[in-house]
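Following this message is one structure expressed as structure tokens.
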There are 2 protein chains.
Amino acid sequence: MAKVTRDDVARLAGTSTAVVSYVINDGPRPVAPATRERVLAAIKELGYRPDRVAQAMASRRTDLIGLIVPDARQPFFAEMAHAVEQAAADRGKMVLVGNSDYLDEREVHYLRAFLGMRVSGLILISQGPSERAAAEIEAWDARVVLLHRRPEAIDDVAVVLDDVGGAQMVTRHLLEHGHEYVACLGGVESTPAYGDPVTDHVEGWRRAMKEAGRSTDGRLFQAPYNRYDTYRVALDLLAGPDRPPALVCATDDQAIGVLRAARELGIDVPGELAVAGFDDVKEAALTDPPLTTVGSDREAMARAAVDLVLDDGVRTTGSRRERVRQFPSGLVVRRSCGCGG
Amino acid sequence: MAKVTRDDVARLAGTSTAVVSYVINDGPRPVAPATRERVLAAIKELGYRPDRVAQAMASRRTDLIGLIVPDARQPFFAEMAHAVEQAAADRGKMVLVGNSDYLDEREVHYLRAFLGMRVSGLILISQGPSERAAAEIEAWDARVVLLHRRPEAIDDVAVVLDDVGGAQMVTRHLLEHGHEYVACLGGVESTPAYGDPVTDHVEGWRRAMKEAGRSTDGRLFQAPYNRYDTYRVALDLLAGPDRPPALVCATDDQAIGVLRAARELGIDVPGELAVAGFDDVKEAALTDPPLTTVGSDREAMARAAVDLVLDDGVRTTGSRRERVRQFPSGLVVRRSCGCGG
DNA sequence: ATGTGGGATATTGTCGATGACAAGAAGGAT
DNA sequence: ATCCTTCTTGTCATCGACAATATCCCACAT
């Protein structure tokens, strides 16, 4: 079956090709109702679908938004990606998702690929220092909005959470339960990265500990960002001689790994070990015990990111601070901290 | 910064535009080494990136593969999507992922969108009867490979698992543990769909029960395909008067919901209730107890799907049967069935 | 010298739409 | 009737690359 083009439609409708275009994306010129009907009928009869590639070519636009995440298999990113898709769909845009797999190289790869596809904007949940990504963005003069994480190298508009405040909040909460101290499970990055949520979580924990007059020395542990590796790390940590009485994790996924390890070792949560996570992924409500964590309005953040990337104000001037849109985080109390029952 | 086009490169390198193309995708004509060097230098100096849209326009090809899944937030689909991405990357293709959210309308939406973007092929993990999808595929004369599920309406090449055999296998295994009978937790579809894995799982369970001389009457239950809803359904099911001694679930995600409900109710697994899932998602190894399930070589299936969609033989003739590539499933024994410890 | 073969490079039509601009038609005012 | 408006519709250059075809250049055989 040969491809149906706009010319075929025009021929059948007895009009010019321009009119067909006018009907399709109503504008830029008005079309007489009768003509419109004929064109519509022809389109339906032939089963014509405009070729998006050609449209993009001619109009120099697309209704695509690129979204790059570290790993869409992780619940948090999956949920965030879904929220972005929804927000984009509400504005008639489609989202292309790329997984960087926490690799600089793949991040740049997708950046290039998406930009080459002329996406109308890019939302980036970055990883690592991202200097190469920054260079790429610069080279293309691309519209980019950073989401969730804000690498120092990339100076674009960002939509982030109050990570420090959130972590401080949970830590305080755990402290209020009367634990002698609260340990922290952070990430594995060697160099604490500026603008990194996990780094901020650690900072929040530090502040809460300090204001409570507790020392943080030797109480910060590290684990990868996924439940599987964290599970292994936690087995050691919890089986060791100085198991902390309470532990705040930088992400829910890590907390889930910890919970699993605790069960394996027969450690009662929250009786013998209080645990808290961060992110409030859907699954946090279904762990055993349900996980106390820090939540945010993910839909609102996704919407903000989409709006920023599509509307003005993205490449506005202003200090770095002013170009960051920070959302509040809220404590989600469940049972893993020792509350309720 | 104005966009750098191929013409700019040609000008700087002092050659014609065609030569630049020849260098970029070496061919179809040879280029003298010296010239190639000059072109390469010019490309680097200008930071030139070929415009993918224009390339697609002119060459009538893209290196894109569309993948439509019901919901990428579910572990199984997320893992499958990842495997497809890997397989595609190995062949130099990029994957575009769309979520149908189990809606016919969105399935067609993505089908249209991807086809309009001239993807070189489509891999479809379909849902529902998909008549509209079938019509769309027909209209575009698209290269489609069905993965995981094979709706009756769409008669394309398919890559599937031996779902019946797998379910039969686990059911037998549970039966061998000496349970009086094994109940089954299937999906919620009103009309059992042809080519649907879950329907096949139920069929496998039925066969295993029959060959063991057990009745299946009143022993088939239903729940949605995700852990959250299944958790609620399971609370009722397990708290009821005739709780089954063993339960095979149509998916791991459901089994995880069941496990959670059992814990909530204080029912020991596998002591008081043996549980098995299907899919062997990564998480199955980390549940408590670890989940006995049915696995498959996901990478091989993804590779097969990608190969089929890119190579010949896709629209080959042959009976429906012959155009289905079925992979074997294998029992993954862990502890939720009562084995080991 | 002249012809010739073939590798390297240039020219150009094409893909399928968009949208600026030109042009045509219809209706109103003078 | 003639001339403007105003509303619709048609023409065509354009987007940025590909690739078929044409052309050039030069070594080599005759």
Side-chain angles (χ1 to χ4, degrees), chain A residues 1-40 42-43 46-64 112-113 115-120 140, chain B residues 1-40 42-43 46-64 112-113 115-120 140:
Chain A
M1 183 184 314
K3 172 148 209 163
V4 179
T5 73
R6 199 191 43 163
D7 296 35
D8 301 318
V9 176
R11 202 169 310 121
L12 178 60
T15 68
S16 74
T17 58
V19 173
V20 177
S21 283
Y22 299 158
V23 170
I24 290 170
N25 25 262
D26 44 26
R29 312 231 67 85
V31 175
T35 314
R36 151 171 271 108
E37 285 314 314
R38 262 186 303 133
V39 172
L40 255 20
I43 288 178
L46 296 175
Y48 166 72
R49 311 281 179 214
D51 182 317
R52 320 281 290 215
V53 172
Q55 283 183 315
M57 183 75 202
S59 68
R60 297 168 252 309
R61 287 184 273 97
T62 62
D63 47 5
L64 300 175
R112 253 205 253 294
L115 257 10
M117 292 171 79
R118 300 202 198 161
V119 294
S120 51
W140 289 82
Chain B
M1 183 184 313
K3 171 148 211 163
V4 179
T5 73
R6 200 191 42 163
D7 295 35
D8 300 319
V9 176
R11 201 171 310 122
L12 178 60
T15 69
S16 75
T17 59
V19 173
V20 178
S21 282
Y22 299 158
V23 171
I24 289 171
N25 26 263
D26 43 26
R29 313 231 71 86
V31 174
T35 314
R36 153 173 268 108
E37 285 313 313
R38 263 185 302 133
V39 171
L40 255 21
I43 287 177
L46 296 174
Y48 167 71
R49 310 280 180 214
D51 183 317
R52 321 279 290 211
V53 173
Q55 284 184 316
M57 184 76 202
S59 67
R60 292 169 258 306
R61 287 184 274 95
T62 61
D63 46 6
L64 301 175
R112 254 205 254 293
L115 257 9
M117 291 172 79
R118 299 202 199 162
V119 293
S120 51
W140 289 82

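Note that the coordinates shown come from a computational prediction; the quantities given were computed from them, not determined experimentally. Reminder, nothing fancy here: chain letters follow the sequence lines and each chain counts from 1.
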Q: Search all heavy atoms of A/V119 against all heavy atoms of A/L115 and return the closest pair with its distance.
A: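 So the two residues come closest at CG2-CD1, 4.1 Å.
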Considering only distance and modelled atom types, tabulate donor-acceptor pairs under 3.5 Å from the side chains of residues 32-40 of chain A, sequence neighbours left out.
| from | atom 1 | to | atom 2 | distance (Å) |
| --- | --- | --- | --- | --- |
| A/R38 | NH1 | A/A13 | O | 2.5 |

Q) How many Å lie between CG on A/D26 and C1' on D/dT8, as a whole number? A)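 Nearest whole value for this atom pair: 15 Å.
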Q.
Nearest 0.5 Å, please: how far is CE in A/M117 from CD in B/Q55?
A.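 Taking CD in B/Q55 and CE in A/M117, the distance rounds to 11.5 Å.
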Between the protein and nucleotides 9-16 of chain C, list every N/O to N/O distance that falls short of 3.5 Å.
| from | atom 1 | to | atom 2 | distance (Å) |
| --- | --- | --- | --- | --- |
| C/dT9 | OP1 | B/T35 | OG1 | 2.3 |
| C/dT9 | OP2 | B/A32 | N | 3.0 |
| C/dT9 | OP2 | B/T35 | OG1 | 3.4 |
| C/dA10 | OP2 | B/S16 | N | 2.6 |
| C/dA10 | OP2 | B/S16 | OG | 3.2 |
| C/dA10 | N6 | B/Y22 | OH | 2.9 |
| C/dC15 | O4' | B/R60 | NH1 | 3.1 |
| C/dC15 | O2 | B/M57 | O | 3.3 |

Q. A/E37 has an atom CD; how far is it from atom P of D/dT9, in whole Å?
A.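 Result: 12 Å.
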Q) If you measure from OH on B/Y48 to CD1 on B/I24, what distance do you get to the nearest 0.5 Å? A)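 B/Y48 OH to B/I24 CD1: 4.0 Å, rounded to 0.5 Å.
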Q | Nearest atoms (heavy-atom pairs only) where A/D51 meets B/G116 | A |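 What the structure gives for the nearest pair is OD1-O, 3.6 Å.
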Q) Where the side chain of B/T62 meets the backbone of B/R118, is there a donor-acceptor pair that is under 3.5 Å apart? A)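 Looks like yes, one N/O pair under 3.5 Å.
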Q. To the nearest Å, how far apart are A/R11 CZ and D/dT9 P?
A.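 These atoms are roughly 19 Å apart.
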Q: Could you tell me the separation between the CZ atom of A/R61 and the P atom of D/dG16, rounded to a whole number of Å?
A: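 It is 14 Å, rounded to the nearest whole Å.
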